[in-house]
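Here's the structure, in C-alpha coordinates; my notes come after.
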Amino acid sequence: MKPPLLLSYVVFLIFATQSIPPTAGADNFVYDVKGKKVLNDAPYSIGPVIWAKGGGIKLTDTKNNKKVCPSYVVQDPAEVNKGGEFLFTLISEEEKREKYLQTSRSLGIDSGRPKNGSCEKWTFWQIADPDAKPPSNLVTTGGTFEEDVSCFQVVDYPKPTSPKVHSYMLQHCPYYCGGTPPVRCYNVSLYQDKGTRHLSVTSGTPFEFVFQKAK
Ligand SMILES: *[C@@H]1O[C@H](CO)[C@@H](O)[C@H](O)[C@H]1NC(C)=O
(Lines give C-alpha, C1' and ligand atoms only; values in the text may rest on other atoms or scores of the structure.)
Protein backbone atom coordinates (compact mmCIF):
# COMPACT_ATOMS: atom_id res chain seq x y z
CA MET A 1 0.00 0.00 0.00
CA LYS A 2 1.37 3.42 -0.97
CA PRO A 3 1.49 6.06 1.72
CA PRO A 4 -0.59 9.11 0.99
CA LEU A 5 1.48 11.56 -1.03
CA LEU A 6 0.71 14.52 1.17
CA LEU A 7 1.86 12.69 4.28
CA SER A 8 5.28 11.80 2.85
CA TYR A 9 5.72 15.40 1.80
CA VAL A 10 5.06 16.56 5.37
CA VAL A 11 7.49 13.97 6.73
CA PHE A 12 10.14 15.15 4.29
CA LEU A 13 9.63 18.75 5.35
CA ILE A 14 10.09 17.87 9.01
CA PHE A 15 13.33 16.03 8.21
CA ALA A 16 14.58 18.83 6.01
CA THR A 17 14.08 21.51 8.64
CA GLN A 18 15.54 19.37 11.42
CA SER A 19 18.69 18.52 9.54
CA ILE A 20 19.83 22.09 9.09
CA PRO A 21 22.69 22.44 11.56
CA PRO A 22 22.70 25.47 13.87
CA THR A 23 26.06 26.56 12.52
CA ALA A 24 25.22 26.37 8.83
CA GLY A 25 28.24 27.30 6.77
CA ALA A 26 30.80 25.95 9.24
CA ASP A 27 32.99 23.20 7.84
CA ASN A 28 35.25 20.50 9.17
CA PHE A 29 38.32 21.34 7.16
CA VAL A 30 41.67 21.69 8.86
CA TYR A 31 43.52 24.95 8.21
CA ASP A 32 47.20 25.76 8.32
CA VAL A 33 48.72 28.74 10.09
CA LYS A 34 48.22 30.88 6.97
CA GLY A 35 44.52 30.04 6.81
CA LYS A 36 44.82 27.62 3.87
CA LYS A 37 43.13 24.22 3.91
CA VAL A 38 45.49 21.44 4.96
CA LEU A 39 45.94 18.84 2.22
CA ASN A 40 45.31 15.16 2.86
CA ASP A 41 48.47 13.02 2.63
CA ALA A 42 50.91 15.92 2.14
CA PRO A 43 53.93 17.02 4.20
CA TYR A 44 53.40 19.50 7.05
CA SER A 45 55.22 20.56 10.17
CA ILE A 46 53.31 20.96 13.40
CA GLY A 47 54.29 23.17 16.30
CA PRO A 48 52.94 25.24 19.18
CA VAL A 49 50.81 28.33 18.55
CA ILE A 50 53.32 30.51 20.34
CA TRP A 51 56.78 29.38 19.39
CA ALA A 52 58.42 30.51 22.59
CA LYS A 53 57.98 27.36 24.62
CA GLY A 54 59.98 25.24 22.22
CA GLY A 55 59.91 24.50 18.51
CA GLY A 56 58.14 22.08 16.23
CA ILE A 57 57.57 18.36 16.55
CA LYS A 58 60.34 16.09 15.30
CA LEU A 59 61.72 12.58 15.64
CA THR A 60 64.62 11.62 17.82
CA ASP A 61 66.54 8.38 17.71
CA THR A 62 68.30 8.96 21.02
CA LYS A 63 66.96 8.69 24.54
CA ASN A 64 69.17 9.28 27.59
CA ASN A 65 72.19 9.36 25.24
CA LYS A 66 71.41 5.91 23.87
CA LYS A 67 70.28 5.06 20.36
CA VAL A 68 66.68 3.90 20.31
CA CYS A 69 64.55 2.22 17.69
CA PRO A 70 61.83 3.04 16.82
CA SER A 71 62.21 6.82 17.13
CA TYR A 72 60.36 8.94 19.66
CA VAL A 73 58.17 11.85 18.59
CA VAL A 74 59.27 14.89 20.61
CA GLN A 75 59.21 18.66 20.61
CA ASP A 76 62.37 20.39 19.43
CA PRO A 77 63.71 22.41 22.40
CA ALA A 78 64.73 25.34 20.17
CA GLU A 79 61.91 27.63 19.12
CA VAL A 80 63.67 28.52 15.87
CA ASN A 81 63.30 24.95 14.65
CA LYS A 82 60.25 24.01 12.66
CA GLY A 83 60.66 20.30 13.38
CA GLY A 84 60.13 17.42 10.98
CA GLU A 85 57.64 16.98 8.17
CA PHE A 86 54.76 14.58 8.51
CA LEU A 87 51.93 13.37 6.29
CA PHE A 88 48.45 13.28 7.80
CA THR A 89 46.57 10.67 5.80
CA LEU A 90 42.86 9.89 6.04
CA ILE A 91 42.17 6.20 6.41
CA SER A 92 38.64 5.22 5.40
CA GLU A 93 37.97 3.96 1.86
CA GLU A 94 35.68 6.88 1.02
CA GLU A 95 38.09 9.46 2.38
CA LYS A 96 41.44 8.17 1.13
CA ARG A 97 41.24 10.21 -2.03
CA GLU A 98 39.86 13.36 -0.39
CA LYS A 99 41.92 16.39 -1.28
CA TYR A 100 41.72 18.05 2.13
CA LEU A 101 42.11 16.87 5.68
CA GLN A 102 39.12 17.05 7.99
CA THR A 103 38.73 17.12 11.74
CA SER A 104 37.47 14.12 13.69
CA ARG A 105 38.37 11.57 10.99
CA SER A 106 40.60 8.55 11.49
CA LEU A 107 44.04 9.16 10.08
CA GLY A 108 47.59 7.87 10.08
CA ILE A 109 50.60 10.15 10.60
CA ASP A 110 53.55 9.21 8.44
CA SER A 111 57.14 10.33 9.09
CA GLY A 112 58.36 9.17 5.70
CA ARG A 113 61.17 6.69 5.34
CA PRO A 114 64.32 7.37 7.34
CA LYS A 115 67.04 8.73 5.10
CA ASN A 116 69.96 6.73 6.40
CA GLY A 117 68.65 4.68 9.28
CA SER A 118 68.39 0.96 9.08
CA CYS A 119 66.17 0.88 12.13
CA GLU A 120 62.63 0.61 10.87
CA LYS A 121 60.58 -0.31 7.87
CA TRP A 122 57.41 1.50 8.80
CA THR A 123 57.19 5.06 9.80
CA PHE A 124 53.68 5.73 11.07
CA TRP A 125 53.26 7.19 14.52
CA GLN A 126 51.94 4.78 17.08
CA ILE A 127 51.27 4.34 20.77
CA ALA A 128 52.02 0.86 22.01
CA ASP A 129 49.66 0.96 24.98
CA PRO A 130 47.75 4.14 25.86
CA ASP A 131 46.72 2.74 29.26
CA ALA A 132 50.28 1.91 30.31
CA LYS A 133 52.89 4.12 31.95
CA PRO A 134 55.72 5.82 30.03
CA PRO A 135 57.52 4.81 27.90
CA SER A 136 54.70 2.52 26.62
CA ASN A 137 52.28 5.42 26.22
CA LEU A 138 54.71 7.71 24.37
CA VAL A 139 54.31 8.36 20.66
CA THR A 140 56.92 6.51 18.60
CA THR A 141 57.35 5.59 14.96
CA GLY A 142 57.25 1.98 13.87
CA GLY A 143 53.52 1.69 13.21
CA THR A 144 51.82 0.62 10.00
CA PHE A 145 48.93 2.34 8.27
CA GLU A 146 45.37 1.57 9.42
CA GLU A 147 46.19 -0.20 12.64
CA ASP A 148 44.60 0.43 16.04
CA VAL A 149 47.96 1.50 17.54
CA SER A 150 48.54 4.06 14.76
CA CYS A 151 45.01 5.48 14.68
CA PHE A 152 44.76 9.22 15.39
CA GLN A 153 42.47 12.12 14.67
CA VAL A 154 42.90 15.88 14.54
CA VAL A 155 40.30 17.85 16.51
CA ASP A 156 39.70 21.55 17.00
CA TYR A 157 41.41 22.86 20.11
CA PRO A 158 38.57 23.59 22.57
CA LYS A 159 39.92 26.88 23.91
CA PRO A 160 42.32 28.26 21.30
CA THR A 161 45.16 30.49 22.46
CA SER A 162 44.58 32.89 19.58
CA PRO A 163 41.35 33.64 17.75
CA LYS A 164 43.44 34.50 14.68
CA VAL A 165 44.83 31.05 13.91
CA HIS A 166 43.28 27.61 13.68
CA SER A 167 44.77 25.42 16.36
CA TYR A 168 44.26 21.74 16.97
CA MET A 169 45.00 18.83 19.24
CA LEU A 170 45.60 15.18 18.45
CA GLN A 171 43.69 12.26 19.82
CA HIS A 172 44.68 8.62 19.75
CA CYS A 173 41.59 6.51 18.97
CA PRO A 174 42.55 2.82 18.76
CA TYR A 175 38.97 1.57 18.60
CA TYR A 176 38.20 3.59 15.47
CA CYS A 177 40.71 1.55 13.46
CA GLY A 178 39.60 -1.87 14.58
CA GLY A 179 40.83 -1.89 18.16
CA THR A 180 38.85 -3.52 20.92
CA PRO A 181 36.50 -1.55 23.20
CA PRO A 182 36.35 0.69 25.23
CA VAL A 183 35.31 3.21 22.63
CA ARG A 184 37.32 6.16 23.77
CA CYS A 185 39.97 8.52 22.50
CA TYR A 186 43.06 9.64 24.40
CA ASN A 187 44.22 13.25 24.31
CA VAL A 188 47.78 13.72 23.15
CA SER A 189 49.77 15.99 25.46
CA LEU A 190 53.42 16.72 26.20
CA TYR A 191 55.19 14.54 28.73
CA GLN A 192 58.49 15.77 30.11
CA ASP A 193 61.12 13.10 30.63
CA LYS A 194 64.61 14.18 31.71
CA GLY A 195 64.32 17.45 29.87
CA THR A 196 62.79 16.01 26.70
CA ARG A 197 59.18 16.79 25.82
CA HIS A 198 57.53 13.72 24.37
CA LEU A 199 54.16 13.48 22.68
CA SER A 200 52.25 11.10 24.89
CA VAL A 201 48.81 10.23 26.20
CA THR A 202 49.66 10.82 29.84
CA SER A 203 46.94 13.03 31.29
CA GLY A 204 47.44 16.76 31.25
CA THR A 205 46.63 19.71 29.05
CA PRO A 206 46.36 18.52 25.46
CA PHE A 207 49.12 19.76 23.17
CA GLU A 208 47.80 22.69 21.11
CA PHE A 209 49.43 23.03 17.71
CA VAL A 210 49.21 24.63 14.29
CA PHE A 211 49.97 23.22 10.85
CA GLN A 212 52.67 24.71 8.69
CA LYS A 213 53.00 23.58 5.08
CA ALA A 214 56.37 22.12 4.10
CA LYS A 215 58.34 24.16 1.58
C1 LIG B 1 40.61 16.00 26.38
O2 LIG B 1 40.88 17.38 26.44
C3 LIG B 1 39.73 18.20 26.52
C4 LIG B 1 40.18 19.64 26.47
O5 LIG B 1 41.13 19.95 27.45
C6 LIG B 1 38.97 17.86 27.79
O7 LIG B 1 37.79 18.64 27.85
C8 LIG B 1 38.61 16.39 27.79
O9 LIG B 1 37.99 16.06 29.00
C10 LIG B 1 39.86 15.55 27.60
N11 LIG B 1 39.48 14.15 27.45
C12 LIG B 1 40.07 13.16 28.10
C13 LIG B 1 39.57 11.80 27.80
O14 LIG B 1 40.98 13.36 28.89
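Along the sequence shown, residues carry numbers from 1. Because the structure is a prediction, the values reported are computed rather than measured. Numbering of ligands and ligand atoms starts at 1, following listing order.
Annotation for ligand 1: atoms under 4.0 Å from non-hydrogen atoms of M169 are 1 (C), 2 (O).
For atom 9 (O) of ligand 1, the protein comes within 4.0 Å by no heavy atom at all.
For F88 and F152, the distance between ring centers is not under 6.0 angstrom.
E208 places no side-chain N or O within 3.5 Å of a backbone atom of P160 that could act as its donor or acceptor partner.
Checked by atom type, the side-chain pair E98/N40 shows no donor-acceptor distance below 3.5 Å.
Y31 places none of its side-chain heavy atoms less than 4.5 Å from the side chain of F211.
Checked against a 3.5 angstrom limit, the closest N/O atoms of N187 and ligand 1 fall inside it.
Scanning all protein heavy atoms for the shortest distance to atom 4 (C) of ligand 1 gives P158 CG, 3.5 Å.
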